[in-house]
Amino acid sequence: MQASTGPSTPAQAPSASRDLRLDFFRGVALICIFVDHIPENYLNSFTLSAVGFFDAAEVFIFISGFTAALVYGRALAQRGALIATVQVLRRAWQLYVAHIFLFVIFIAEVSYTVRAFNNPMYNEEMGVGDFLEHPHIAVVQALILQFQPTFLDILPLYIVLLLIFPLVLIALRHNVWLAFVPSALIYLVVQISGVDMPAYPPGSVWTFNPLAWQFLFVLGAVLGRTDAHRRGPADLLLLAVPPAVVIALAVLVIRLSWTFHGIYEGFPALFLRQLWPINKGNLAPLRLISFFALFVLVARWVPPRAWFLRAAAARPVVLCGSHSLEIFCLSILLSALGHFLMSEVAAGFPMQLAVNVVGIAAMCLTAAVLDWYRAMQREPLTPPMPAGGERGDGEN
Amino acid sequence: MGGRRNSAVPAAIALAGFLAAASVAPPGMAAEPDECATPPELTEASPQLPRLAARLKAHQPAKIVAIGGASTIGQAAGSPDLSYPHQLEQILAQDFPDASITVVNKGVPRQSARQNLERFPTDVFAEDPVMAIWETGINDAVRGTDIDDFAETLQSGVDQLKNRAIDTVLIDMQFSRSATALINFDEYLKALHRVGDVAEVYVLPRFEMMRYWSEQNVFDFDDVAPADRTALAARVYDCLAQKLSQIIRRAVP
């Protein structure tokens, strides 16, 4: 398998051996993130969280760890630890800039809708405050990743994960256990003690506890590393298939029963009382188990270049996944706009359908344009430039 | 969505307005009966309130504790006398003339579900009620409380009430179109209703009721002249009290 490229990794020439699964499933995750961020959206019932105890966040973080290990692992092997580290940090910086971009969207949304609070029923409840009450503090807290309103939560996690990634990378090169064991231990401590990362305003915590979520990222990196070196534990994978099938089916049945119960109350919601809520912030083990059951099934039965991944219908999704950062930012902007339209203009089904269709189409179209632009930049210029020669996509 | 807050200044001005208006407001700002009408599917449920029913059957006094936030204390109406718990007490006095039902108001503005729960020992259990009405969730949606923590807090509260044999009703958030444009109430509503579902506790769908009134132009929560605010709040609280009294009448044969 070869690296998924895309903006989350230094530029690579597209290759015939590229593992399309990484781009495809990251694209699926991005579309789910868009849909899930629109409140009262009927499509919410059909995203990843409808079939498992996990959602798009797990897919996104896992694939990010996987591709990071592939791409920066290669940089480490070819160009040394210093260059690899600088590349990772440069990527973290890009994510940080994207985070600030999303924060500006947030400010625009809040500032525009603040008139909402000339509302007698809400004045007292809304009068609690940080952003508009203490903007000077909130802005600084956002700059240091401590202020995380909705949709400003996953990039801070990703940035922190990348900041520690050079260490993971060096550990991986020596021995995968050197990366895995400390990471698993920290995860265990979080599960047992419930330790959280404090955030702003005081009393709140990071939406995605990095101490827990680092485990999934490192697991992705470990698997990416073993995969790159063709040391994939093939026997282990085969052994894991039967339990994975059982778990995935059981979770699917349980999860569907919850969805049906939500639509028609007479339908029994299996184990709802025992299992729900399944803590997302601390990445509850059930979420991990459910995720890896599906991962095993995909690894076993979906080849890297399966026919349906190469099909024209899958192309837009693959493109979204291969330009993940830009498409992620766009999806956040679009879901905020969609939410606004649905609550301010019309809430009916036609509007909802339009928001979903136009939003997803805009994401795919943008990804196609970005891809066209990247391909164009890669083409050797004739006559060749005297110095510098071929350019990457500007990321290297 | 986390951290989208109002400036304190408009809130303070508005509050001053409420207080000024309340002092000159005519008494008895009850809602017209048909104003409160909602589609039957919103309030057709008949929850079980066995302790309250037993107490009333035995002609013993019954105490109900209303715990929650600003809309429990009745802040927007300008006076606790116009809050929903007080209006509920008056309606119940008419409905059950030979019973003595008191409704204790334990609303504290700007509190999260967790902060409500922390008040349970002093404000609910210490009152030894047969029934509790817990109105919560707005502050959590506004502050962006972690959704799983929110659900766990509610579950813990509902379980504690159940273990102490206190009949329980939950009330979900208030609706306003413009607030909904800014805050993602959806997942908090789903969590609250799911807690009720799992614990078999009735949830009064205030959000959907208010949305219905807003869409039918019965009440406009978004463009209210300052002078009309306290009156509007009092009428909505009255409707809420009427809905709750209907639920109680159905549960107490």
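In the text below, chain A, chain B and the rest are named by the order of the sequence lines, each starting its count at 1.
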Pair B:H193-B:D172, side-chain donor/acceptor within less than 3.5 Å: yes

Please classify the contact between B:R114 and chain A as side chain, backbone, both or neither, with a heavy-atom cut-off of under 4.5 Å. neither

If you count heavy-atom pairs under 4.5 Å with chain A, which of B:D186, B:V195, B:D146, B:T180 comes out on top? B:D186

Could you tell me which portion of B:A191 (side chain, backbone, both or neither) has an atom closer than 4.5 angstrom to a non-hydrogen atom of chain A? both

When the 4.5 angstrom heavy-atom criterion is applied to A:I278 and chain B, the contacting part is backbone

Please state whether the side chain, the backbone, both or neither of B:D149 comes within less than 4.5 Å of a heavy atom of chain A. side chain

Go through B:E187 and B:K190 one step at a time and tell me if the salt bridge (Lys or Arg N to Asp or Glu O under 4.0 Å) criterion holds. CA-CA 5 Å; B:E187 56 179 353; B:K190 279 182 187 156; over 6 Å; no

Okay, B:Q155 and chain A: the region with an atom under 4.5 Å from a heavy atom over there is side chain

Go through the atoms of A:N282 and report whether side chain, backbone, both or neither lie under 4.5 Å from a heavy atom of chain B. neither

Would B:K243 and B:E35 pass as an ion pair if we require N to O under 4.0 Å? no

Is the distance between the ring centroids of B:Y84 and B:Y237 under 6.0 Å? no

Quick one: of A:E265, A:R273, A:K280, who has the most non-hydrogen atom pairs under 4.5 Å with chain B? A:R273

Should we say atom CD of A:Q274 is surrounded by more than 12 heavy atoms from elsewhere, each under 6.0 Å from it? yes

Can a donor-acceptor pair be found between the side chains of B:R206 and B:S71 at a distance below 3.5 Å? yes

